[in-house]
Amino acid sequence: MEIREIQIGKLLRADNSHFVAGCRVKELGAPALGALCKVSLQDGLQIYGLISNILIMDDGLVRQLVSGVSLPAEYTADNRYNRNLPVEINVLTVGFQQDGVIFHRLPPRPPLSLDVLQLCEASEVARFTGTGRFGYFRHILRMVDSPLEELLVSHLAQARAAHEAQGNAQWYPAACQELITLLRDDYVRLASVLNALAELE
Amino acid sequence: MDLSETENTFNPPIGYVVGGGLEANLQVRLTVPAQQVQEGAFVVMDSGAWRFYGLVTDLQLGSTDPRFADEQSEQRLPPRLANLLHGQTLFTNLAVMPALMMERGPEPGSPEYASWRQTHAEPEKAKPLTVKTIPSHHAPVKLADEADIAQIFGKENKAEIFRVGETREQGHPVCLDLDKLIQRSSGIFGTTGSGKSFLARMILAGIIHANHASTLIFDMHNEYGPDGTSSDTGAEVPGLKGKFSSRVSLTGLGRDTDFGRLNADITLEISYQDLYPEDILQLTEELNLKETTASTLDALFHQFHKDWFSQFLSMESGTQVEDENGNKHPAPESVEFWADQAGINRMAASALLSKLGRLKNKAYLVDRKESSGLDQIVNLLKKGEHVVLSFGRFDSDLDYLLVTNLITRKIRSAWEDWTTEYLKTREKAKEPRPLVIVVEEAHKLLNREMASQTIFSTIAREMRKYYVTLLIIDQRPSQIDDEVMSQLGTRISGSLGDEDDISAVLSGLAGRQALKGMLAKLQPKEEVLMLGWGVPMPIPIRSRRYDQTFWVELLSETGTKKNLEERVKRLGWASDDPE
Amino acid sequence: MPVNYFQVENALDDFSKKAKELNSTLEATETELRRQLNAAASHTTEIRERITQAEKLLRTLYCAKPTHEEILSVHDLPPAPENYTLAAADGSQIAPNRHRPLMFCVINVGLIKVRRGSGLEPEIEIHSSLLDHELLFGSDGRVIGEDTVALHRDAAERQALLDFTGTDTGPVFTLTDGPLDVYQGVRGIEERHELLSRLNEIYTAMAARGVVNAGYIDKPGSELLSRMLALLQVPPAELSMWSDQRRTLRGISDARLLTQLLQQPGQRSAIFEAVARNELNKEPRPAVHFFYLNVSQEQPYLARVEFPAWVSGQPQLVDWLQAVVYQEAQVLDRHPYPYLLHRAHELAVISFEEHEHVEAMLMQHLTQAGVPNGMPSNKDTTKAFSKRRSETWK
């Protein structure tokens, strides 16, 4: 499996259910909201997560430029490609793999050393999301203060593409069904999720 | 019936149990479109070692949040997403009235199976029981298939297991155990035009064909004996006489009763001497008799015995003679004279005489020593044959009340004696032949005012011990005495519109609330609801058509005939019957 | 220790009173200077002759000298060239500190160059150099101070700029923060001669390539015009005895004087020559011209733009310089300052963590080479105690 690496500076912080990594603005084309990524620990444990938020930090100069009348293209590019503006990638932990077995529960420990944040290829996305019965959805649904509908839609779109590439057209309807089952007592949330999912049809 | 037969056919579940109970009905979440299931559907539920049988009594739309129901998701969301909501946030629940359960045991090959077989040597002979427990949550629910229905209602054998119709959804045959039907009084109900007469004919044909009981049919409207014509379609309607010729005797009340192409086998003329005071008392309302009538009749009978009627009718009213003093006194031949002699109020006696004058002109009442045809009727019935009594031109309520009551009284007396004699020796050959008396317009004979007086209520209450039961046919069951209704075992009802009539049909039965709506929505002339003693559980069916095809099917081959001994043993009609 | 706010507060009234008095004095001074300036407005030639004369007579002279433009002329903002190259450089340093375990000096120059009109991101470079050991100490054996390090830094900036713009074709502008003649006020430094020579070579090379190297002075406080006007008031007979210390009208900067003149955004003043004469300085000085430029679109805000004298001979270049500097300052329009200069500073600055990191690198390497490291002074160590505590409290 080809591994694409996102260069990050360092692990900023982590707990059992989230971790935050940093990267440079230049690499921002790679990670997308809802994308499945993983971190490999030194003992062989691989922790999977969904990119739940990408935070582009600002500083005084950027704030000043933003408030300006117009910014020349060269200086826009300067801020994007030359200045080491930190980008924080928030990752929601959704499972782990140990000894070749995938689990949809939280890992026994958070990532301790984070050199490389790997973006999972389609085949691995299909393998992780196709394991079990969508158990990892509960981690997403537990999110508060975050637009989980948007995360769900982004993730489902990517996972759907990964499964359909393997000829499995049933995964996506089953995933939608599971979401409806999990959210059927929460009208507000489910309506919001369905509205977002409607855009994928 | 081996339950495993039902497992082999493809019959996918339609839902699963989510709640409810014995009293409040089970709640079943539907997993197929609602239109695939109808009210009245017969369903089976497997849970643990038991199979449960129930009836769908309601379909209810529900939602996990009312906003899901309010919002037209089909317009707001793509079709695929909108469809996924059905069955989840939008769902249909069935209300299922559990009725029966049957032990089917653990799965063959499982560890528990061997020990279960030690206590259940012949599992294939398991019988359904009245439900006493409930299936577990999520027990799968299926529409009953043909084998399930046969398991409960029996498989047609062209004898006493008689096919009365089919299930409404899938057309599986539903049978009625005629031997069980006649074990107690029963009723066929329905509004005018609901097809109850056709239904009655069909069932009577079955009874006659099965030949396990005799029938006496009081054919008020000349519908059962001779062939007729359908008032709706104009098609020819076969009669019982035409199909069973020698076994069915057409009886006319009085001479000159018209049976069309057919002649009367028996002419019934009733001797005055067969009239008893209780026969007159049953005409109280009809003749507007007073409270004094009973004592007057009593005095007459006491004095004249069996000649009381003849003697009474020969009296004159108001005739007087003068005595030597010129005082007027009732003439000796006058009723007043007799009243004075008997200590009866003159006016009461005179009034009674006047009212009984209506009977005087009845051509079927004859002042002879003996009735003609009455004993013949009783004897035919005792021999196992069937009598259709047509009233001909004597179609008033007075005629109906008098004749039916009188004949039935005779029958009661005969069967009581027969049974008493049988019980002395219990010789099988001497056991009385079961008799079903078919009464139309039953509310005229069995209404609250009459019920305590007529012989029919007695028969309904007591006579099944003496092998006599009623089959009443009526369009106003609410007017029939409650106690009589409660004695009815099997009830077969077409559509009813009146709330009181519906309540009357369901009175005394468990789960009647759930069945009320079903009764009101039956398709006229096509659907009936069977419930009560003669059916293991209530079930709505599409009734069999009473037409030429029916007769061809009925008469084309004979099914398995059981001898009397076997049949009685199965039904438990010994004198120590706990009921 | 915290400030004794009580004592400060007690002094506030007196401070305000004196500030008010000073303000009144300055206002009066400004009024007089304006009068003098207006009076001199139409005598540009005479003024130039008077200054020239003063250059010959006085041992030291630092003032503005009119060029070919009328002294109160106002020049509107001209159009900028569609395509041009602009490079900026800034430097920072780690000066040797005897309190630290190791004596070393790092000069960091940040360079940034943009090709306006290309849409491409600017090129950036950072040059970090470790000063040779022999340069860390003067001939008296003392470690060099901040001033000397600054000299090295300024030289490094200009050299880097020259190299950075080596292959660019015109028009090419460079910007540095501060006056062009960086050594103008520097005395008594051994390296001064060598560094000044280097500077002249750099500027000459730039001139040869037609590169307009400009210096940007933000919120200029110099009183070059005031000094010039003072000379005009001196009777000719007393000119040879004039000293700036005798100037009475002080405290009014050129920018303040010209604010009322340059009301419109992008307007510049006349070009002046920056006269900086000291008989003790034998080396040839770079000939520097300057103008004041209103870089604000709201209330007039003046900066001084310095450039080589040869640029004045090419009016197109002057116009372009005016337009380019103004245009670049508008990128940060709420606080007008040339964007590239800010970025150059950002690239050059050495953070405290980086300082410690470099020190650690050097110490580790020296240890591996068998060279013993020193210890920090107790003074320095105890300073760190206090700093860490206040950080914790934050």
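Chain A is the first sequence line, chain B the second, and so forth, proteins listed ahead of strands; every chain is numbered from 1.
- Residues of residues 110-120 of chain C having a heavy atom under 4.5 Å from any heavy atom of chain A, listed by number: Ile112(C), Val114(C), Arg115(C), Arg116(C), Gly117(C), Ser118(C), Gly119(C), Leu120(C).
- Going from atom CG of Asn79(A) over to atom OH of Tyr339(C) covers 4.0 Å, rounded to the nearest 0.5 Å.
- For chain A, no part of Gln327(C) is nearby; none of its heavy atoms comes within less than 4.5 Å.
- Contact of His342(C) with chain A is made through the side chain alone, with heavy-atom distances under 4.5 Å.
- Residues Asp78(A) and Glu121(C) come closest through the heavy atom pair N-CB, 3.9 Å.
- The environment of His357(C) atom NE2 is sparse: at most 12 non-hydrogen atoms of other residues, nucleotides or ligands sit within 6.0 angstrom.
- Within a 6.0 Å sphere centred on CD of Gln368(C), heavy atoms belonging to other residues, nucleotides or ligands number more than 12.
- In this structure, Glu199(A) places its CD atom where only 12 or fewer heavy-atom neighbours from other residues, nucleotides or ligands lie under 6.0 Å away.
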